[in-house]
Protein chains: 2
Amino acid sequence: MLRMSTLFLRTLRDDPADAEVPSHRLLVRAGYIRRIAAGVYSWLPLGVITLRNIENIVRDEMDKAGFQEVHFPALLPKDAYEVTGRWNDYGPDLFRLQDRKGADYLLGPTHEEMFTLMVKGEYSSYKDLPLALYQIQTKYRDEARPRSGIIRGREFVMKDSYSFDLTDEGLVESYMRHRAAYIKTFDRLRMKYNIVSAVSGAMGGSASEEFLAPCETGEDTYVLCEKCGYAANVEAMTTVVAASDASGVAALEVFDSPNTPTIDTLVELLNAKFGGGYDGSMTLKNVMLMADKTPISVLVPGDREVDLKRLQANLAGVNDISVFEDADFAKFTGLVKGYIGPQDAKKNGITVYADPRIAPGTSWVTGANAKDKHARNVVSGRDFTVDHYVEAAQIKQGDACPKCETPVIIDRAIEIGHIFQLGRKYADALGLTVLDQNGKSQVVTMGSYGIGVSRAVAAIAEQSYDEIGLSWPVEVAPAKVHVVATGKEDAVFETAEKISADLEARGISVMIDDRRGTSPGVKFKDAELIGIPVIVVVGKALEQGNVEIRVRRSGDKSEVAVASAVDFIAGLLPTLS
Amino acid sequence: MLRMSTLFLRTLRDDPADAEVPSHRLLVRAGYIRRIAAGVYSWLPLGVITLRNIENIVRDEMDKAGFQEVHFPALLPKDAYEVTGRWNDYGPDLFRLQDRKGADYLLGPTHEEMFTLMVKGEYSSYKDLPLALYQIQTKYRDEARPRSGIIRGREFVMKDSYSFDLTDEGLVESYMRHRAAYIKTFDRLRMKYNIVSAVSGAMGGSASEEFLAPCETGEDTYVLCEKCGYAANVEAMTTVVAASDASGVAALEVFDSPNTPTIDTLVELLNAKFGGGYDGSMTLKNVMLMADKTPISVLVPGDREVDLKRLQANLAGVNDISVFEDADFAKFTGLVKGYIGPQDAKKNGITVYADPRIAPGTSWVTGANAKDKHARNVVSGRDFTVDHYVEAAQIKQGDACPKCETPVIIDRAIEIGHIFQLGRKYADALGLTVLDQNGKSQVVTMGSYGIGVSRAVAAIAEQSYDEIGLSWPVEVAPAKVHVVATGKEDAVFETAEKISADLEARGISVMIDDRRGTSPGVKFKDAELIGIPVIVVVGKALEQGNVEIRVRRSGDKSEVAVASAVDFIAGLLPTLS
């Protein structure tokens, strides 16, 4: 039983200065977490219990699915990560350190390499597969911008699983088993979520989906088609392009365009010069970038920006993308800043990537590669060549669903899970093979699956708080019932103690506010802030032999006789989500 | 239920090449742990369960004692550790790293600083005290010689508690509460242990005791008086010295002593020159050391070495002790190597520390500070001055108990717990004060208490293994019952499944060996190696409607009817330790 009189807890009246999102604000104010350093938090008693409740639900669902728990260290030698290339690929996101002998170590951001080697160490036959292992473990990522409290931290708790199969079909089955276990887990955590298509990105591999918990302050953006149910994170959203016939388009025409530093001013000039009907979507932006050390230009319609996250996710094998700086422009004298068009790209040694909208036959207004000059009737495939198509243009609300062409909506969310068909990348690199039915050596195919356990504390808070505080689902809350003794009479405290003891005897966890000399107002405010689902007020009503039972989330109140309070609560709890 | 047919487990026939101690050897062979790097291990499924069982017992006893669980990160900014000096004091034992911005971090070896700051952040009044907080958390120490598997690792799980009190008496009470909780914990873990006096050492503070689990391969040495029960680790053992009267001792006499490079040759010369009766204990060794940057000489009887660990533990405020090298001798030209005596120490600028045996009035044979010359009748306090007495001489079996003077025995053990009255060192350094009853600011006094949770897995194994494998206590074992199906008949497997399901329904955890095509011999060997306390053999006896129930540790066997097997086991388990 948690006792407010001795609990290591001081709620705060004021929001912490660095809190950007409600979960962060409330978890600090209600005494669940405290900041130690950027992206590094400690957990106070209420936080420890809540985190463990979530952890236990995750573990239980993994065990029920037949996955086996193991546990790796966080401190890992670099060897295996060097073999797969991730020692370098991770860049500054990886915490690296040396031991007293100068040997290189890292703090594990995720454990694909280690699991691959573990299975390699124990198993050798197809008969040993399929296998799925998991761990619930502390992970480290040196985020460039740790933020939103425990949503994007640098030390955090994750459940990571890995599946091992002989065949591609086996991998799909293992993937679907994890998908089902994740659905059960998040349902039990009472989270709202969408399962969205994701791009596999730097991890390599094929199919990949994310579990996204919609919330206003989420830092992930995703696309949802309310008609057909298509859902994708922004990186994975694809573009539907209608075919174009350019046979009727007039020849490329260069025209003077002084004082058109923006798309808007260019459109104004176009409409003044050639008659109305032009808009930004008919112009072509040439965004110059360095992709690792290769100069590329990315073509997008003038009414859209290049989304660097989308570009990065869809440009396989490129680790670092940066915008052209003056020094880069100086190296390519053929590029006239503000007037670049793709017509001279080959001459200038630039690789051209284009959004699918720049399909062959489409016609554009773009720079003419000369100061104060633009060109119109610039036709893709006729007047310039696209080297590679890539999904890189910014997604907008109302873009066409790639499945049914209905305008999509865009929403924000927190990523709470990710499931991923890795394939044979890690097994290949680290030599994880088994003998098949014919005694032939086969590379194992793998899946990788993650749930952000500490992040889930914040994601659940984001989805369930209200203006007065936190409001936990029953299975997650640090206690199921908060018994508040108000007043000064011993009878009040005795009744509160009795009800609390009886509830605990029924297996219902209790936090009792047994503080003497604290005002009822303060106690109620604390109870609302802390967010335990059922609040029992022992006070005024006791004269009539009653207590008041409040449901934190709905605000519903019932006056119930002391003698039947425990039964009432035992009946109430299963009805709450 | 654990199923051998799918369990991620491959037992090994051979001992791992790097295993020095039985627990390491058996935990690897039985598939509990695997080595990742020096002192860094991963846990396979059986290991995870065993570790968690221990963790849960520790947590349960802490909770019952009223201590509150919190959780700190392992990745800690250096600030607080710099304030207390431990950022430097820890030397190469500390894992240090920098984040992407170049800020300094460490991987927490223990969390005194962080707990002090946490309490400072929340509490401000004497009314808030006493308080005791704990965490079960992963810790890091870059040991010079990680060894014995998980006994001395570089990443390990510890339970660390901290108590906070206003008064010294309060600290003693908190200390005793922890002591009692530790006794309950280790009793529940079925460990044999001694509670021994320890020296507070580098931690600062006053009283301190260690819980030592005796075992042959333990790396801690302790002293035990079988008569009065006195127990101390070697660092804390004190020396009983009889008073001496030097009034009758003749004047100091220098004599020629060529060719006496060792105490033995010196004693031989003494007996030849001055008649028999001399032995090594009558000579005086001058061991030259650098204590941080101060030259010191440590005087011990010639038949004992200086125990550097004892010296270090008893020299408050000294971080680094090293033996004089030739370069050091070169700086002190008054020191004649091989012929040093304390007579000229002051002249030479050397601070003299001495073992208590070199009490005032005792008379010695020692160097005469001249080549090939020694001196006899060199009296402490008359012919030389001791600046400080220090317990630094090697302890020997048979030394006098400091309480009752009975000869002590010396034994080896693994340190499994440490309780410690820290005092106000950390609160002073970090400004943890509360207002007392009179509104006056008072520095809080602290205790610090640790249990090696992952180490306990090995310590329990060390105390309970036998020649055929591990042999766990009931509450610690990865399952309580190991049901082994031997033979090929479906009836065997069906009965094994039925008994297993019935046991689990009774809340008794089971591992079933349901492997088809594995020989009974292999199954028995595995069961013995894995060490689950009760083994049920379903096989030959089934023809008579019986199963065989074996107690792993005692080897006791009973043939029991299938129908009463579950009841039999339920009755048997509480009788086992």
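Since this is a predicted model, take the numbers as computed values, not measurements. Numbers restart at 1 for each chain; the letters A, B, ... are given by sequence-line order, proteins then strands.
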Who wins among [options] for the most heavy-atom pairs under 4.5 Å with chain B?
| options | result |
| --- | --- |
| A/Y123, A/F95, A/F156 | A/Y123 |
| A/R10, A/R3, A/R34 | A/R10 |
| A/A37, A/A74, A/G31 | A/A74 |
| A/L7, A/L94, A/L117 | A/L7 |
| A/M114, A/R154, A/Q98 | A/R154 |
| A/D128, A/L46, A/D63 | A/D128 |

Residue pair A/V83 / A/E113, side-chain heavy-atom distance below 4.5 Å:
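No - every pair of side-chain heavy atoms lies 4.5 Å or more apart.
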Under a 4.5 Å cut-off applied to non-hydrogen side-chain atoms, are A/T11 and A/M4 in contact?
no
For atom [atom1] of [X], is the number of surrounding heavy atoms from other residues, nucleotides or ligands below 6.0 Å larger than 12?
| X | atom1 | value |
| --- | --- | --- |
| A/R145 | CZ | no |
| B/K127 | NZ | no |
| A/R13 | CZ | no |

Atom [atom1] of [X] and atom [atom2] of [Y]: how far apart are they, to the nearest 0.5 Å?
| X | Y | atom1 | atom2 | answer |
| --- | --- | --- | --- | --- |
| B/M446 | B/T116 | CE | OG1 | 3.0 Å |
| A/Q135 | A/S161 | CD | OG | 9.0 Å |
| B/L44 | A/E122 | CG | CD | 5.5 Å |
| A/M158 | A/T110 | CE | OG1 | 5.5 Å |
| B/R515 | B/T6 | CZ | OG1 | 11.0 Å |

Does the gap between the ring centers of A/F115 and A/F72 come in under 6.0 Å?
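A/F115 vs A/F72: aromatic centres under 6.0 Å.
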For [X], is it the side chain, the backbone, both or neither that has a heavy atom under 4.5 Å from a heavy atom of chain B?
| X | result |
| --- | --- |
| A/V70 | both |
| A/E69 | both |
| A/L133 | side chain |
| A/I36 | both |
| A/A80 | neither |

Does any backbone or side-chain atom of [X] lie under 4.5 Å from a heavy atom of chain A? Answer side chain, backbone, both or neither.
| X | answer |
| --- | --- |
| B/L12 | neither |
| B/M118 | both |
| B/R96 | backbone |
| B/L75 | both |
| B/D93 | both |
| B/E143 | backbone |

Using the ring of A/W43 (Phe, Tyr or Trp, six-membered ring only), decide whether A/R52 places NZ or CZ under 6.0 Å from its centre and within 45 degrees of its axis.
no
Which residues satisfy the ring-ring contact (aromatic ring centres under 6.0 Å, His included) test with A/Y41, sequence neighbours excluded?
A/H24
Nearest heavy-atom pair of B/S174 and B/D165: which atoms, and what distance?
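Heavy atoms only, the tightest pair is OG-OD2, 2.5 Å.
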Where the side chain of B/Y32 meets the backbone of B/I530, is there a donor-acceptor pair that is under 3.5 Å apart?
yes
Report the option among B/V48, B/I33, B/D142 that has the most heavy-atom pairs separated by less than 4.5 Å from atoms of chain A.
B/D142
Sub-4.5 Å heavy-atom contacts with chain B: which residues of residues 99-108 of chain A show up?
A/D99, A/R100, A/Y105, A/L107
